[in-house]
Amino acid sequence: RRRVKITITMTQESTGKSCDIQVSDTQKIEDTIQVIKENLGVFQKPGNMPYVKDADSGRKIDVGSTYEQAHICSGAKLLLP
């Protein structure tokens with residue numbers, strides 16, 4: 001199977017800070033959050049963040065999932081608690 005690049009928007013609810021990022025659909029969500037935190041300094045990651053929320057549906061998504069496993073497509077908006 002070919003890897004697919006998707007573009008998503010991540011927003012931290014507590015600060016309102018957000019960024020658009022392109023990722024592989026086989027990458028884990030928690031890895032993306034860590035990379036953004038380390039390289040861009042945009043998000044303050046609470047000690048234990050077990051999930052993010054889909055901004056459109058409100059569904060909670062396990063950060064240990066890949067984007068493919070979580071059925072996240074390009075254009076998705078994810079909210080970090």
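- D31 contributes no side-chain N or O that, together with a main-chain N or O of Q27, makes up a donor-acceptor pair within less than 3.5 Å.
- Counted by atom type alone, Q34 and E30 present zero donor-acceptor pairs between their side chains at under 3.5 Å.
- Contacts of Q22 classified as side chain to side chain donor-acceptor pair (under 3.5 Å), with partners at least two apart in sequence or in another chain: none.
- The closest side-chain heavy-atom distance from I21 to T7 is not below 4.5 Å.
- With contacts defined as side-chain heavy-atom distances shorter than 4.5 Å, the pair K77/I8 does not qualify.
- Taken to the nearest 0.5 Å, the OG atom of S18 stands 12.0 Å off from the CD atom of E13.
- By the 4.5 Å heavy-atom criterion applied to side chains, I6 and V23 are counted as neighbours.
- Atom CG of L79 sits about 6.0 Å away from atom OG1 of T11, to the nearest 0.5 Å.
- Under the side chain to side chain donor-acceptor pair (under 3.5 Å) criterion, S74 pairs with no residue at all, not counting sequence neighbours.
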Would you tabulate the side-chain donor-acceptor contacts of residues 55-62 under 3.5 Å, counting partners in other chains and residues two or more places apart, or write 'none'?
| from | atom 1 | to | atom 2 | distance (Å) |
| --- | --- | --- | --- | --- |
| S57 | OG | R59 | N | 3.2 |
| R59 | NH1 | A70 | O | 3.0 |
| R59 | NH2 | A70 | O | 2.8 |
| D62 | OD1 | G64 | N | 2.8 |

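- Using a 3.5 Å distance cut-off with no hydrogens or angles, the side chains of S24 and Y67 do not pair a donor with an acceptor.
- The minimum heavy-atom distance linking T66 with D25 is given by the pair CB-O, 3.7 Å.
- Separation of atoms CD (Q12) and NZ (K37) is listed at 10.0 Å; rounding is to 0.5 Å.
- Put simply, the side chain of V63 reaches to within 4.5 Å of the side chain of V52, judged on heavy atoms.
- Within the 4.5 Å cutoff, side-chain heavy atoms of L78 are placed close to those of I72.
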| request: Using the side-chain contact (heavy atoms from CB on, under 4.5 Å) rule, take M10 and I29 through it: C-alpha gap first, then chi angles, then the decisive distance, then the call. | output: CA-CA 10 Å; M10 287 198 167; I29 298 166; 4.1 Å; yes

